[in-house]
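Below is one structure, written out as structure tokens; the observations come after it.
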There are 2 protein chains.
Amino acid sequence: MDMLQQTFLMSGKVTAKDSAVTIHLMNGFYQDQFRVNDSEDSIRYWQVYDRTTNELVPNSHWRYVQEAGNVLVQKAKHYHEYTVNFLAYRVWEEISMYNHVTNHWTKEHLMPVDPRYEESREYIYGWLKEWCETHPATTVVRFTSMFYNFTWMWGASEYNRTLFSDWGSYDFTVSPKALDDFKDAYGYALTSEDFINQGKFHVTHMPAGQRQKDYMDFTNQFVVNYGKKLVELVHQYHKKAYAFYDDSWVGVEPYSDRFPDFQFDGLIKCVFSGYEARLCAGADVETHELRLHPYLFPVGLGGAPTFSENGNPTLEAKKYWRSIRRALLREPVDRIGLGGYLHLVEDYPDFCDYIAEIGDEFRSIKEMHRREKEAGGSAYTLKVKVAVLHSWGKLRSWSLSGHFHETYMHDLIHINEALSGLPVDVSFISFEDVKKGMLDQFDIVINAGKAGTAWSGGDAWKDAEVVCAIKEWVTKGGALIGVNEPSAVEGYADYFRMASVLGVDEDTGAKVCHGRWQFEEIDIEGLIPDGCTFSKKENMFIVDCKSAVLKSEHHIPEMVIKHDGKGMGIYLSKFEISNANTRLLLNLLMYGKGMSMNQKYLTDNVDTECAFFPACKQMIVLNNSESEQSTVIKTDSGEVCVDLEPYETRFVEL
Amino acid sequence: MDMLQQTFLMSGKVTAKDSAVTIHLMNGFYQDQFRVNDSEDSIRYWQVYDRTTNELVPNSHWRYVQEAGNVLVQKAKHYHEYTVNFLAYRVWEEISMYNHVTNHWTKEHLMPVDPRYEESREYIYGWLKEWCETHPATTVVRFTSMFYNFTWMWGASEYNRTLFSDWGSYDFTVSPKALDDFKDAYGYALTSEDFINQGKFHVTHMPAGQRQKDYMDFTNQFVVNYGKKLVELVHQYHKKAYAFYDDSWVGVEPYSDRFPDFQFDGLIKCVFSGYEARLCAGADVETHELRLHPYLFPVGLGGAPTFSENGNPTLEAKKYWRSIRRALLREPVDRIGLGGYLHLVEDYPDFCDYIAEIGDEFRSIKEMHRREKEAGGSAYTLKVKVAVLHSWGKLRSWSLSGHFHETYMHDLIHINEALSGLPVDVSFISFEDVKKGMLDQFDIVINAGKAGTAWSGGDAWKDAEVVCAIKEWVTKGGALIGVNEPSAVEGYADYFRMASVLGVDEDTGAKVCHGRWQFEEIDIEGLIPDGCTFSKKENMFIVDCKSAVLKSEHHIPEMVIKHDGKGMGIYLSKFEISNANTRLLLNLLMYGKGMSMNQKYLTDNVDTECAFFPACKQMIVLNNSESEQSTVIKTDSGEVCVDLEPYETRFVEL
């Protein structure tokens with residue numbers, strides 16, 4: 001039991017109405033998930049904080065009362081709030097816990113073993129060896145995660161079951177031993193507060209500080225070092241080792257520099273969306289596999305019926321496939337599959353037929369890529385190199401933290417989803433990359449998100465080197481596309497550090513008495529497709545008369561372009577995925593690059609898209625809508641008209 | 001010319017594309033308003049800033065090129081932005097300028113003389129003395145402002161005419177002499193950047209720092225000291241001296257501690273709204289006068305017609321009177337008037353009739369207050385003592401900065417307007433007052449506004465003494481009403497420092513992965529009148545299961561009550577003035593105090609209100625709507641039914 005995985009928890013806040021405060025540690029936490037680790041080794045890492053003043057309470061002012069599971073704080077200040085950061089064992093592995101609770105399982109509670117200890121590593125190794133030996137017929141071993149779950153803390157009340165969940169978090173890897181090892185390796189000690197962070201933890205959507213980055217690097221190294229031994233073991237038995245990149249990201253991020261060290265033979269990605277398909281397709285492994293949706297479960301996301309009364313799994317499959325298919329045109333994957341209870345499909349012959357159809361389409365697309373590659377070509381791409389700029393850079397290519405329905409509130413996931421099927425070259429870069437001079441490789445840089453988030457960048461924008469590098473790059477011809485609160489950080493003359501480039505800024509309150517430039521909307525022919533949606537963001541204003549406003553509402557600019565030297569800034573107050581908005585993004589990429597928007601191998605109907613395979617002289621034309629569509633495509637062989645059924649995938653010989 | 005009033009201006013931002021940067025100071029400024037003061041005395045206060053890094057550029061790196069009106073910066077860093085803070089004379093008094101430009105006047109440009117200089121003070125004094133002597137028939141002298149205009153900076157482009165305007169700002173009082181005098185008086189020197197503040201200046205809607213407060217205090221003292229000499233002079237000629245509190249607030253704030261020192265005989269307030277009537281009524285002067293609207297001008301606010309084709313001045317008068325009338329029931333004023341060109345009313349006999357009607361109503365209300373006072377009573381008030389808590393406290397009682405239509409975007413002006421006609425006792429207090437122990441005097445504290453503003457409080461909430469004083473006061477029975485982002489400040493475990501009291505908090509991004517408490521809406525009988533409006537504010541969540549949600553949309557709480565000890569917190573995500581919402585506020589005040597909402601002398605129809613004069617045994621019942629209304633009022637003499645015509649004012653004997 002003392003080798004189970006752990007986590008730091010922060011107790012509830014207790015207000016001192018007396019000079020002594022009693023804090024029951026487990027108040028509010030799900031008792032079946034956590035048990036206080038009150039060993040001496042653990043308690044030395046506990047911390048008590050006065051959250052009213054952000055002050056650490058000296059150890060001499062508090063003590064742990066083991067029998068009651070309480071911390072007793074002395075010399076408390078009246079009406080100040082106190083919390084305890086403490087370590088807890090996780091006595092129920094969370095996926096097991098979820099399945100038990102949701103599906104009323106009654107099996108044994110699984111427990112997560114921490115491979116930090118030599119004994120547990122030996123146990124795991126031995127277990128896997130034994131398994132390999134006793135399963136000679138199995139040719140592929142799927143590692144669902146490497147050791148650590150994504151963070152999922154449960155609450156005691158059924159009205160507040162999820163306290164915190166983050167697919168990208170490393171919180172569930174911590175232990176006194178990990179902290180001691182970290183100190184030896186990095187020369188400084190982390191504290192509980194480095195994890196607890198005032199109860200906020202460190203969500204993937206926020207920029208990481210250096211201490212968090214160091215801890216992630218430290219853990220990543222550990223996971224890869226031990227993980228590759230297990231992969232080696234699997235290889236010794238002449239089996240393939242695949243990574244299933246979904247339930248946990250800890251240390252297994254496919255775009256980390258260390259990922260190839262695992263020597264995985266394949267990567268399986270659970271996908272609802274195009275960006276997830278690209279995440280999988282772009283990873284450096286031999287075999288790329290997608291796990292499609294819907295899951296073969298009676299109910300799906302949020303409890304909605306799938307393979308049960310009122311469910312329509314075929315329609316669900318169509319919608320997911322529509323999103324994924326366009327991404328597959330740009331970069332190939334090798335395999336697709338489904339998961340869940342196979343018997344459920346028995347009563348849904350139309351679902352089986354449709355999956356067979358998807359299978360055929362998938363194989364045809366894959367075959368097209370193969371033939372094209374064989375002929376020395378690749379799917380046609382416009383000469384536009386796009387970089388998405390955010391705090392995580394390459395490590396979090398394509399994905400933010402979780403699936404689309406978990407991250408829909410972030411503009412960037414909409415942008416990544418739009419990009420996933422566009423015929424352009426896409427990279428993901430960090431602010432460090434900007435400082436290393438990488439901007440010269442790109443025509444377009446996109447920065448999108450709410451102020452302070454990892455996606456917008458937060459304090460990274462305080463760095464004058466970053467600011468000046470981008471300004472210079474724009475002056476010399478680059479186009480910066482900013483969405484929502486790009487480059488926003490408090491403390492400077494402009495809230496958007498790129499205000500002078502983007503042509504807009506946002507008033508956070510201090511400029512409410514400042515006049516606003518009047519403007520009239522201008523039009524750029526062919527730039528904004530019919531059906532695009534825009535969104536009013538309060539307190540936005542243009543910074544000077546050179547800002548061209550293309551869309552506005554009640555004198556608030558929503559879309560702005562400002563030419564600056566040879567380049568330009570482009571601002572959108574919001575980006576939401578839709579067929580028309582996806583085409584708008586493509587148009588902005590071409591316009592930003594200074595290209596005509598009247599390019600070959602683009603459909604003239606936003607509900608359709610196409611990919612061109614030049615060596616094979618073939619096109620694949622997609623109907624991304626649920627109604628019939630017609631489109632005309634300019635090609636080197638003249639204009640091609642295509643009429644498409646709803647959702648159709650059409651192969652066209654040129 | 002060297003004794004004209006001045007101001008600090010910040011040049012436009014210029015990006016360095018070379019190591020030398022030329023900044024033309026007057027670029028973007030209205031040439032007829034400003035002239036660079038490039039005297040040696042002035043230039044020693046100029047500052048050049050690198051706005052990319054917030055660094056002051058050493059004086060040795062820049063020089064002023066007088067002939068060109070440029071500052072030349074050397075050793076500039078590539079792609080950094082530079083600005084110059086400089087002093088400019090204001091060569092055209094702004095009200096004169098506005099009237100010339102708007103009404104095509106062609107008279108001489110008036111210039112604002114700065115009384116900082118002994119010579120100008122002597123000139124002003126002599127001019128006023130001469131005027132008093134030559135105008136023996138005039139019995140009241142109206143001081144439209146004391147010396148300094150409100151800040152109104154104009155831009156060169158007609159697309160950007162107003163660069164900055166703030167009725168409460170002290171920016172137009174500055175000069176090298178003022179700064180030198182300040183240093184002598186306060187022992188430290190202010191810099192240009194203390195005014196420019198990165199180009200943001202210091203808008204009244206934002207909390208003032210100590211340096212700004214010191215400068216305001218210094219200037220206030222100067223204005224009062226010299227102003228009262230002019231008032232004395234007027235008194236010597238047996239004339240009355242009235243202050244007109246509208247065009248400028250500098251040093252003349254009626255709720256400043258020094259205001260009585262002027263010895264004004266009267267205060268005239270230009271009013272559109274009830275809160276302005278209360279501001280006037282509550283000032284410590286003998287005579288309180290309101291200047292009603294509409295102005296007798298062809299066009300009114302924003303260029304809409306008044307006394308011209310398509311204008312309806314009578315309807316305008318009715319709407320303004322409706323707002324003002326209810327405030328007059330609570331606290332009497334002595335006189336009303338109108339302003340503008342009298343001849344314009346000739347063609348509007350219905351307007352003249354309606355103003356006569358207003359006059360009669362006004363005199364009747366005034367007479368009621370007089371009789372009640374004579375009988376030893378006053379208008380009946382519920383036993384509810386309300387404090388509005390914000391950064392400015394008493395100094396900015398009732399008003400924020402300007403009229404309703406200039407400040408409608410702030411929740412607090414809606415609240416002040418609602419309060420202005422409610423039968424409760426209202427005070428305005430600052431965070432310093434909280435620390436002085438003033439909370440015990442109040443049943444309800446209201447804190448309302450966007451995070452970081454003067455109205456919400458900004459950094460004042462970092463003070464643990466403030467936080468704990470309010471928590472203790474609530475525990476002992478107080479009710480805190482928070483609106484929008486009350487007590488919000490970054491850097492703590494909670495974003496709302498009063499989250500545990502109000503029952504809600506806001507996620508600014510770091511808690512996007514944190515679970516939310518599920519809740520069901522509860523109802524409190526009689527609390528929420530029909531017709532109330534609520535507004536969804538994204539990212540709000542309840543902090544625990546004790547938070548009772550009364551209104552929500554898509555699982556986002558909009559109205560929450562949390563009981564805490566003997567008191568409670570009440571949260572509203574927005575407050576917008578309307579008859580129903582005004583009644584909601586009254587209900588919340590009663591509920592917060594722990595009173596029944598079924599009180600005597602309240603109407604049972606939200607479109608109506610009444611005031612009771614106990615000594616006179618009379619009620620005044622108002623119809624605040626444009627349609628007929630009926631209402632029942634519980635009184636000590638039983639229930640009274642009243643049927644009212646649109647907008648009617650009814651006097652009812654009990």
Side-chain angles (χ1 to χ4, degrees), chain A residues 13 15 17 49 51-54 77-81 83 151 155 157-166 169 197-206 401 409 450-453 464 467-469 471-472 475 491-494 497 500 508-519 544-545, chain B residues 13 15 17 49 51-54 77-81 83 151 153 155 157-166 169 197-201 203-206 401 409 450-453 464 467-469 471-472 475 491-494 497 500 508-519 544-545:
Chain A
K13 300 180 202 103
T15 299
K17 300 201 173 172
Y49 267 91
R51 295 294 176 192
T52 303
T53 58
N54 286 336
K77 292 173 187 157
H78 280 208
Y79 291 93
H80 285 229
E81 283 184 335
T83 63
T151 300
S157 168
E158 58 186 304
Y159 289 97
N160 194 24
R161 197 56 99 196
T162 292
L163 300 179
F164 180 66
S165 82
D166 184 350
S169 161
N197 187 25
Q198 303 181 325
K200 296 166 184 157
F201 302 100
H202 291 283
V203 309
T204 303
H205 301 289
M206 298 295 279
S401 174
M409 63 292 274
K450 262 190 76 172
T453 62
V467 169
C468 294
K471 283 192 181 180
E472 180 170 6
T475 303
Y492 297 88
D494 299 320
R497 292 280 268 166
S500 66
T508 58
K511 290 187 176 170
V512 68
C513 292
H514 293 56
R516 303 289 188 242
W517 279 91
Q518 305 297 303
F519 57 80
D544 69 35
C545 57
Chain B
K13 299 179 202 102
T15 299
K17 300 202 173 172
Y49 267 90
R51 295 295 175 192
T52 302
T53 58
N54 286 336
K77 293 173 187 155
H78 281 207
Y79 291 91
H80 286 228
E81 283 184 335
T83 63
T151 300
M153 298 174 181
S157 167
E158 57 184 305
Y159 289 96
N160 194 25
R161 198 55 102 192
T162 291
L163 300 179
F164 180 67
S165 82
D166 184 350
S169 161
N197 186 26
Q198 302 182 323
K200 295 166 183 155
F201 303 100
V203 310
T204 303
H205 300 289
M206 297 296 279
S401 176
M409 63 290 275
K450 263 189 74 172
T453 62
V467 169
C468 295
K471 284 194 180 176
E472 181 170 6
T475 303
Y492 297 87
D494 300 321
R497 291 281 267 166
S500 65
T508 58
K511 290 187 177 169
V512 69
C513 292
H514 293 55
R516 304 288 188 242
W517 279 90
Q518 305 298 304
F519 56 80
D544 68 35
C545 56

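Small disclaimer: the values here were computed from a predicted structure and weren't measured. Note on naming: letters A, B, ... go to the chains in the order of the sequence lines (proteins, then strands), and numbering restarts at 1 for each one.
- For the options A:W517, A:F164, A:F519, heavy-atom pairs under 4.5 Å to chain B are most numerous at A:W517.
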Legend entry - Derivation of the side chain to side chain contact (heavy atoms under 4.5 Å, CB included) call for A:C468 and B:H80: CA-CA 7 Å; A:C468 294; B:H80 286 228; 3.2 Å; yes

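- With chain B as the partner, the residue from A:D494, A:T151, A:T53 showing the most heavy-atom pairs under 4.5 Å is A:D494.
- Looking at every heavy atom in both residues, A:Q198 comes nearest to B:G491 through NE2-O, 2.8 Å.
- At a threshold of 4.5 Å between non-hydrogen side-chain atoms, the residues B:Y79 and A:V467 do not count as touching.
- Neither the backbone nor the side chain of B:T83 comes within less than 4.5 Å of any heavy atom in chain A.
- Looking only at side-chain heavy atoms (C-beta outward), A:C513 and B:H205 come within less than 4.5 Å of each other.
- Contacts of B:T475 with chain A are made by side-chain atoms alone, with heavy-atom separations under 4.5 Å and no backbone atom involved.
- Among B:A493, B:G509, B:S500, B:C545, the residue with the largest count of heavy-atom pairs under 4.5 Å with chain A is B:A493.
- Between chain A and the residues B:E158, B:M206, B:K511, the most heavy-atom pairs under 4.5 angstrom are made by B:M206.
- Of the atoms belonging to A:K17, it is side-chain heavy atoms, and not backbone ones, that fall under 4.5 Å from chain B.
- In this structure a side-chain-to-backbone donor-acceptor pair under 3.5 Å is present from A:H514 to B:G199.
- Between B:E81 and A:K471 there is a side-chain heavy-atom pair separated by less than 4.5 Å.
- In plain terms, the two heavy atoms of A:A464 and B:T52 that are nearest each other are CB-CG2, 3.8 Å.
- With a 6.0 Å radius and a threshold of 12 heavy atoms from other residues, nucleotides or ligands, B:Y159 has its OH atom at or below the threshold.
- Proximity to chain A (any heavy atom under 4.5 Å) is shown, for B:R161, by neither the backbone nor the side chain.
- Heavy-atom distances place the side chain of B:K13, and not its backbone, under 4.5 Å from chain A.
- With sequence neighbours left out, A:T453 forms a side-chain hydrogen bond (donor to acceptor under 3.5 Å, both in side chains) with no residue at all.
- Atoms OG1 and CD, from A:T162 and B:Q518 in turn, are 9.0 Å apart once rounded to the nearest 0.5 Å.
- When heavy atoms are compared at a cutoff of 4.5 Å, B:K450 approaches chain A solely by way of its side chain, counted from C-beta outward.
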